[in-house]
Amino acid sequence: MKKPIAALALALMSQSALAGEAPKWSIAIHGGAGTLDPVQMTPERRAEYEAALQQALDAGAKVLAEGGSAIDAVKAAIIPLEDSPLFNAGRGAVFTWEGTNELDASIMDGRDRSAGAVAGVKTVKNPILLADTVRTDSEHVFLIGAGAEAFALEKGFAVTPPEYFATPARREALERMKAEKLSALDVDLKFGTVGAVALDQNGNLAAGTSTGGMTGKRWGRVGDAPVIGAGTYADNRACAVSATGWGEYFLRVGVAHEICARLRATREVDALMADPAAADDAMPAEVAQYIADAVMADVKQLGGDGGVILVTPEGHALFSFNTTGMYRGRATSAGVKEVAIFGGEERASNTPDH
Ligand code: ASP
């Protein structure tokens with residue numbers, strides 16, 4: 001009997017794309033999705049974003065190439081993005097209605113599905129590291145606000161002055177929003193959240209996401225980014241996902257978990273129906289892409305927009321977004337190494353072993 005995944009794959013792709021060695025490691029990153037205007041993207045601005053993405057990608061890829069863990073690679077890639085004022089995470093985070101910067105982050109290890117998350121923190125330079133400390137050094141998954149900051153202090157995190165996070169461009173966005181009575185989407189146009197997903201040489205997956213949320217957020221609003229299952233999910237049996245976009249919709253769809261659950265179910269059905277003589281149980285990139293696109297279509301159908309990055313146990317590093325662009329990049333041990341901004345800019349095939 002033909003294996004169902006292979007049968008679906010053949011309907012979606014040419015047989016030649018199935019050939020080749022799977023990469024030993026793989027990483028994808030994002031710096032937010034949104035309505036990016038090609039006219040406003042001057043060559044200088046583009047170069048700035050590309051350099052920042054490349055730096056993050058290189059930092060994550062180095063960890064993986066040297067045999068480090070997926071979870072360490074995710075942190076290594078996210079830290080420079082949090083430190084860059086270009087992105088809506090760490091320094092450069094958007095402003096709340098009250099004029100503060102409140103940061104959310106989450107991280108998950110696909111090995112054991114251990115996870116850590118923080119929301120509404122104001123004095124932690126790299127929220128992704130605090131989220132990871134919640135994962136490794138507490139019996140909890142999710143800490144918020146003053147409690148999360150007390151935990152940070154106890155674990156030796158330095159107190160970063162709130163001014164560190166504030167940038168003139170983000171302050172101006174809040175002021176314009178208030179003056180012109182704009183929505184967060186009108187004023188932001190792009191989201192700017194950051195994230196990374198990785199597969200390491202031991203076959204382990206991890207995902208992380210960090211954000212300042214949405215401009216003008218109030219009443220303690222928290223989006224999808226720090227919510228395990230919505231903005232971040234990793235499971236060695238399925239995939240690792242990090243999302244960016246209009247958080248309320250990603251929460252309602254449970255995007256990151258939904259993608260992983262559909263991938264896992266597809267694998268399970270495939271294993272059930274498999275011809276025991278068929279050796280190859282790898283999922284082709286096109287099948288994972290199809291699943292991610294289907295979940296993103298569901299987000300769109302509800303009225304939301306944004307995008308996801310994912311990495312599979314086979315090492316496929318994929319993107320799916322329903323906006324005009326998403327700051328993104330990917331690298332694999334098979335030699336893929338690229339950053340892109342607008343749709344369809346990838347030079348390499350979606351199958352990283354080519
Ligand atoms: N998803 C984030 C939120 O809703 C925003 C973003 O992706 O930039 O808080």
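Counting starts at 1 for both ligands and their atoms, following the listed order. Residue numbers count from 1 along this sequence. Just so it is clear, the model here is predicted, and its values are computed rather than measured.
- Between Y49 and Y327, the ring planes lie parallel to each other; the angle is under 30°, not in the 30° to 60° tilted range.
- Counting heavy atoms of neighbouring residues, nucleotides and ligands inside a 6.0 Å radius, atom NZ of K122 does not exceed 12 of them.
- For ligand 1 and D224, the ligand atoms under 4.0 Å from any heavy atom of the residue are 1 (N), 2 (C), 3 (C), 4 (O).
- Under a 4.0 Å N-O distance rule, the pair K217/E248 does not qualify as a salt bridge.
- For A225, the closest heavy-atom approach to ligand 1 does not fall below 4.0 Å.
- When only interatomic distances are considered, the shortest N/O to N/O separation between M214 and ligand 1 does not fall below 3.5 Å.
- For ligand 1, the polar-atom distance check against T193 finds a nitrogen or oxygen pair separated by under 3.5 Å.
- In this structure, E345 pairs ionically with R46, as a charged nitrogen and a carboxylate oxygen lie closer than 4.0 Å.
- The shortest heavy-atom distance from E248 to ligand 1 is not under 4.0 Å.
- For ligand 1, the atoms closer than 4.0 angstrom to any heavy atom of T244 are 6 (C), 7 (O), 8 (O).
- Under 4.0 angstrom from ligand 1, there are no non-hydrogen atoms of H30.
- Distances below 4.0 Å separate heavy atoms of G213 from the following atoms of ligand 1: 5 (C), 9 (O).
- E175 has no carboxylate O lying under 4.0 Å from a charged side-chain N of R171, or vice versa, which leaves the two without a salt bridge.
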From CA spacing to verdict: side chain to side chain contact (heavy atoms under 4.5 Å, CB included), L57, I27: CA-CA 8 Å; L57 192 61; I27 183 166; 4.0 Å; yes
